[in-house]
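Below is one structure; the comments refer to it alone.
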Amino acid sequence: MRSGDGWVWCAAGHRHWGRFGAAGLLLHDAGRVVLQHRAPWTHEGDRWGVPGGARHELEDPVTAAVREAGEEAGLSLADLDPIGLYLDDHGGWSYTTVVARAVRPVLPVVTDRESVTVRWQPAAEVPSLPLHSGFAAAWHQLADPPPVLYLAIGRQLADSPVLAALVRDGIAVEQLPSSIARAGLHRLIPHPVPADSERALAVAERRLAGQLLQVADAVALSRLADRPAVG
């Protein structure tokens, strides 16, 4: 896997960091988000944004965003649950924001020289900060993430490579029924659960937060994968 570190030019003639695109992590918890105050020497330095950076060759956005958040803010996959993806496509270069929820108490910390500080910030106060331009433009789509999407599947689909690809890359919102809330995201990360499980029943009866999509068979599952993967 080749490193993605390096500058590239997009179709609009702008220079961007990340030879294979870039990704960042926006972690939500109880009305607040983890933000990074970028070091002055970085691109658009001394502004606020999310921990993130260049994707490596063949690296999916979630893996890249979590890796970068670990390098810059001390976060790990065990701290969070990905909900969905927001894609900022510039033509020949893209930035994917991975939106996630915290699953346990998290204390982000500065772990490299790219940050002045990393901290929880009340979501309502984010617009008042001096923000990185890309994050500022996307914030209204990212401020209120949708409920977690659970896929209720038959047990025969648990080992499906199609399902594994959907969990890795997300489902394009155009492929989802209109009843599924997607907020401003472009793809939702599905959370497969057996259709006859207590979790599926709890979501269906609204005893557990989230939204439920029933997938009857392999054909229905394949219909969700008709769109290409992000990035």
In a table with atom names and distances, give each donor-acceptor pair under 3.5 Å that connects a side chain of residues 123-130 to protein atoms at least two apart or in another chain.
unit_1: Glu125; atom_1: OE1; unit_2: Gln121; atom_2: NE2; d: 3.2
unit_1: Ser128; atom_1: OG; unit_2: Glu125; atom_2: O; d: 2.6

Identify whether the distance between the nearest side-chain nitrogen and carboxylate oxygen of Arg168 and Asp60 falls below 4.0 Å. no
Could you tell me whether a side-chain N or O of His186 sits under 3.5 Å from a main-chain N or O of Leu87, the two making a donor and an acceptor? yes
Distance under 6.0 Å and angle within 45° of the ring axis: does Arg19 meet both against Trp7? no
Calculate, to the nearest 0.5 Å, the distance between atoms CG and CD1 belonging to Leu188 and Ile180 respectively. 8.0 Å
Which pair of non-hydrogen atoms, one from Pro61 and one from Thr96, has the smallest distance, and what is that distance? CB-CG2, 3.7 Å
Could you go through the side chain to side chain donor-acceptor pair (under 3.5 Å) check for Glu114 and Thr42 one step at a time? CA-CA 7 Å; Glu114 295 185 23; Thr42 64; over 6 Å; no
Starting at CD1 of Ile83, measure out to CZ of Arg101 and round the result to the nearest 0.5 Å. 6.5 Å
Between Val99 and Leu185, is the side chain to side chain contact (heavy atoms under 4.5 Å, CB included) condition met? List the steps. CA-CA 9 Å; Val99 177; Leu185 304 185; 3.8 Å; yes
Should we count CG of Asp159 as having more than 12 external heavy atoms under 6.0 Å? no
Value rounded to 0.5 Å, distance of CG in Leu201 from CG in Leu212: 9.5 Å
Closest heavy-atom pair, Val118 versus Ala73, reported as atoms and distance to 0.1 Å, is CG1-CB, 3.7 Å
So if you build clusters from Ile, Leu, Val, Met, Phe, Trp, Tyr with side-chain heavy-atom gaps below 4.5 Å, do Leu85 and Val148 land together? no
Test side chain to side chain contact (heavy atoms under 4.5 Å, CB included) on Tyr95 and Asp89 and set out the steps. CA-CA 7 Å; Tyr95 189 98; Asp89 190 350; over 6 Å; no
Which of Gln214, Arg199, His191, Gln211 passes side chain to side chain donor-acceptor pair (under 3.5 Å) with Tyr150? Answer is Arg199
Is it true that Arg187 and Asp169 have a side-chain N and a carboxylate O under 4.0 angstrom from each other? no
Heavy atoms of Arg47 and Ser133 approach each other most closely as NH1-N, 4.0 Å
Hey, is CZ on Arg207 packed in by over 12 heavy atoms from elsewhere, all under 6.0 Å? yes
If I take atom CG from residue Leu58 and atom OG1 from residue Thr63, how far apart are they, to the nearest 0.5 angstrom? 11.5 Å
Could you check whether any side-chain heavy atom of Leu221 comes within less than 4.5 Å of a side-chain heavy atom of Leu163, counting everything from C-beta outward? yes
Check against side chain to side chain contact (heavy atoms under 4.5 Å, CB included), Val98 and Val66: CA-CA 9 Å; Val98 177; Val66 173; 5.9 Å; no
Does Gly52 offer a backbone N or O that forms a donor-acceptor pair with the side chain of Glu72 under 3.5 Å? yes
Sequence neighbours excluded, every pair satisfying side-chain hydrogen bond (donor to acceptor under 3.5 Å, both in side chains) that has a member inside residues 23-32: Asp29-Arg32
Would the distance check show the side chain of Arg2 and the main-chain N or O of His56 forming a donor-acceptor pair, the cut-off being under 3.5 Å? no
Can you find a pair of side-chain heavy atoms, one from Leu176 and one from Arg182, that are under 4.5 Å apart? yes
Please tell me if the side chains of Leu149 and Leu213 come closer than 4.5 Å, counting only heavy atoms from C-beta onward. yes
Is there a path of hydrophobic side-chain contacts, each under 4.5 Å between heavy atoms of I, L, V, M, F, W or Y residues, that connects Val173 with Val215? yes
Measure from the side-chain N and O atoms of Trp17 to the backbone N and O of Gly4, and report whether any donor-acceptor pair falls under 3.5 Å. no
A side-chain contact here means heavy atoms from C-beta on lying under 4.5 Å apart; do Trp120 and Val106 qualify? yes
More than 12 heavy atoms of other residues, nucleotides or ligands under 6.0 Å from CG of Asp5: is that the case? yes
One thing to verify: whether Arg67 and Glu59 come together as a salt bridge, which I'm taking to mean a side-chain N less than 4.0 angstrom from a carboxylate O. yes
Note: Ala183 and Pro145 closest approach over all heavy atoms is CB-C, 4.4 Å
Looking at CZ of Phe20 and OG of Ser3, how far apart are the two atoms once the value is rounded to the nearest 0.5 Å? 8.0 Å
Would you check if there is a donor-acceptor pair between the side chains of Thr111 and Glu71 at a distance under 3.5 Å? no
Examine distances only and state if a side-chain atom of Arg55 and a backbone atom of Gly53 form a donor-acceptor pair shorter than 3.5 Å. no
Does any part of the side chain of Ile153, heavy atoms only, come nearer than 4.5 Å to the side chain of Pro194, both counted from C-beta? no
Let me see the working for Arg104 and Asp79 under salt bridge (Lys or Arg N to Asp or Glu O under 4.0 Å), right down to the final yes or no. CA-CA 6 Å; Arg104 64 185 186 181; Asp79 296 324; 2.8 Å; yes
From Leu151 CG over to Leu157 CG, what is the distance, rounded to the nearest 0.5 angstrom? 10.0 Å
In sequence, state the C-alpha distance, the side-chain angles, and the governing distance for Leu26 and Val34, and then conclude on side chain to side chain contact (heavy atoms under 4.5 Å, CB included). CA-CA 6 Å; Leu26 179 62; Val34 171; over 6 Å; no
Who pairs with Trp139 by ring pair (Phe, Tyr, Trp, His ring centres under 6.0 Å), at least two apart in sequence or on another chain? Phe135
If only atom types and distance count, is the side chain of Ser160 paired as donor or acceptor with the main-chain N or O of Val162 below 3.5 Å? yes
Counting distance only, does the side-chain N/O of Ser197 pair as donor-acceptor with the main-chain N or O of Ala200 below 3.5 Å? yes
Report yes or no: does Arg223 contribute a side-chain atom to a donor-acceptor pair with the main-chain N or O of Gln175 at less than 3.5 Å? no
What closest approach, in Å, do Ser115 and Val110 show between heavy atoms, and which atom pair accounts for it? O-CG1, 3.9 Å
Could you check whether any side-chain heavy atom of Arg119 comes within less than 4.5 Å of a side-chain heavy atom of Gln36, counting everything from C-beta outward? no
Considering non-hydrogen atoms only, spot the tightest contact between Pro147 and Ala181 and give its length. CD-CB, 4.1 Å
According to a hydrophobic-cluster definition based on side-chain heavy atoms being under 4.5 Å apart (Ile, Leu, Val, Met, Phe, Trp, Tyr only), do Val203 and Ile189 belong together? no
Do His37 and Asp46 have a side chain donor and acceptor closer than 3.5 Å? yes
With distance as the sole test, does Trp93 use its side chain to make a donor-acceptor pair with the main-chain N or O of Gly18 at under 3.5 Å? yes
Hydrophobic cluster identity match, Leu75 and Val116, side-chain contacts under 4.5 Å: no
